[in-house]
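Taking it in order: structure first as structure tokens, then the write-up.
In what follows, residues are counted from 1 in the order of the sequence shown.
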Amino acid sequence: MGEQHHVKFPQDVIDEYAALGVDLPALFSAGHLGQRMGVQIVEASVDRVVGTMPVEGNTQPYGLLHGGASAVLAETLGSVGAMLHGGSRKIAVGVDLNCTHHRGARSGLVTGVATPVHRGRSTATYEIVITDEQDRRVCSARLTCLLRDVNPSDEERAHTGS
């Protein structure tokens with residue numbers, strides 16, 4: 001679950017991180033929480049990040065997709081976009097997440113697509129639309145990330161994956 005070996009990154013981004021000895025797919029993954037939830041990032045660029053998540057295992061007591069699960073998917077996708085925008089010398093840290101839940105989902109996969117609303121020097125904001133397998137909107141979200149400079153402990157974590 002959550003493996004990132006199928007992610008499509010632009011070649012210039014792959015080259016930039018490879019020169020630093022950084023495992024790009026691991027760095028731009030869903031992390032431990034996303035892995036437990038089955039989040040998979042299938043496409044990633046500064047202009048568009050796409051990921052999926054199964055409904056099964058991510059439901060609330062009524063059997064519907066949990067709103068918090070939608071929030072995890074949204075924050076993951078928006079953060080990846082913001083990190084790609086910031087480049088290898090910046091870290092994206094979420095500072096505001098807003099989610100509006102439009103309909104429930106009981107089964108299958110949901111797909112999130114993150115697109116930029118604002119890409120500045122110190123912040124990046126992404127809109128994330130989550131849909132069900134019938135292409136019906138399940139959730140609309142907006143994430144703003146602070147882009148801060150990388151410090152040595154961040155670089156060490158990126159190289160070791162911890």
Side-chain angles (χ1 to χ4, degrees), residues 1-54 57-58 69-99 108-133 135 137-162:
M1 266 204 261
E3 292 180 18
Q4 304 301 308
H5 62 277
H6 295 297
V7 180
K8 299 175 193 169
F9 289 101
Q11 189 60 48
D12 61 327
V13 173
I14 293 170
D15 295 344
E16 177 184 356
Y17 284 87
L20 299 170
V22 174
D23 179 356
L24 184 66
L27 181 62
F28 293 113
S29 73
H32 296 293
L33 176 60
Q35 288 175 4
R36 281 195 301 273
M37 296 178 70
V39 172
Q40 291 200 11
I41 300 169
V42 296
E43 177 186 331
S45 73
V46 70
D47 294 317
R48 178 178 156 97
V49 181
V50 179
T52 62
M53 180 180 66
N58 294 313
S70 293
V72 168
L73 179 59
E75 184 148 359
T76 298
L77 300 178
S79 292
V80 168
M83 290 170 70
L84 287 169
H85 166 65
S88 61
R89 297 282 131 216
K90 296 283 187 178
I91 295 291
V93 180
V95 294
D96 182 62
L97 176 65
N98 174 281
C99 297
L109 283 177
V110 291
T111 300
V113 178
T115 55
V117 174
H118 167 76
R119 292 185 298 205
R121 288 186 310 250
S122 61
T123 63
T125 300
Y126 279 75
E127 176 185 43
I128 304 93
V129 175
I130 300 173
T131 56
D132 64 15
E133 289 180 325
D135 204 30
R137 191 178 290 228
V138 172
C139 177
S140 299
R142 186 191 68 246
L143 173 70
T144 298
C145 291
L146 173 69
L147 301 173
R148 68 169 181 78
D149 292 334
V150 172
N151 64 47
S153 65
D154 297 325
E155 289 181 350
E156 179 62 28
R157 277 190 216 101
H159 289 285
T160 63
S162 60

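Judged purely by atom type and a 3.5 angstrom limit, E133 has no side-chain atom pairing as donor or acceptor with the backbone of G108. With E16 contributing its side chain and S88 its backbone, the two residues share a donor-acceptor pair below 3.5 Å. Under a 3.5 Å cut-off, the side chain of H85 and the backbone N or O of R121 do not form any donor-acceptor pair. Here the side chain of D135 pairs no donor or acceptor atom with the backbone of T131 at under 3.5 angstrom. R148 places no side-chain N or O within 3.5 Å of a backbone atom of S122 that could act as its donor or acceptor partner.
Taking OG1 of T111 as the reference point, atom CD1 of I130 lies at 9.5 Å (rounded to 0.5 Å). To the nearest 0.5 Å, atoms SG (C139) and CG (D132) are separated by 12.0 Å.
Between V113 and L77, every side-chain heavy-atom pair lies at or beyond the 4.5 Å cut-off. A heavy-atom distance below 4.5 Å is not found between the side chains of T125 and L143. Looking only at side-chain heavy atoms (C-beta outward), C99 and S70 stay at 4.5 Å or farther from each other. Taking the side chain as every heavy atom from C-beta outward, M53 and N58 approach each other to under 4.5 Å. Between L73 and V110 the shortest side-chain heavy-atom distance falls below 4.5 Å. With a 4.5 Å cut-off on side-chain heavy atoms, V46 and R119 count as touching. Here the side chains of D47 and T115 are not in contact, with every heavy-atom distance at 4.5 Å or above.
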**OP:** Could you check I91 against L147 for side-chain contact (heavy atoms from CB on, under 4.5 Å), going step by step and ending with a plain yes or no?
**Re:** CA-CA 6 Å; I91 295 291; L147 301 173; over 6 Å; no

**OP:** Verify side-chain hydrogen bond (donor to acceptor under 3.5 Å, both in side chains) between T52 and Q40, making sure each step is shown before the conclusion.
**Re:** CA-CA 5 Å; T52 62; Q40 291 200 11; 5.1 Å; no

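Taking 4.0 Å as the cut-off between side-chain N and carboxylate O, R89 and D149 do not count as a salt-bridged pair. With respect to the salt-bridge test (charged N to carboxylate O, under 4.0 angstrom), the residues D96 and R142 qualify.
The two residues A114 and I128 make their nearest non-hydrogen contact at CB-CG1, 3.7 Å. The shortest non-hydrogen separation linking K90 to V150 is N-CG2, 3.5 Å. Minimum interatomic distance between H118 and G120 (heavy atoms only, all atoms of both residues): NE2-N, 3.4 Å. Across all non-hydrogen atoms, the minimal contact from A92 to M83 is CB-CG, 3.4 Å.
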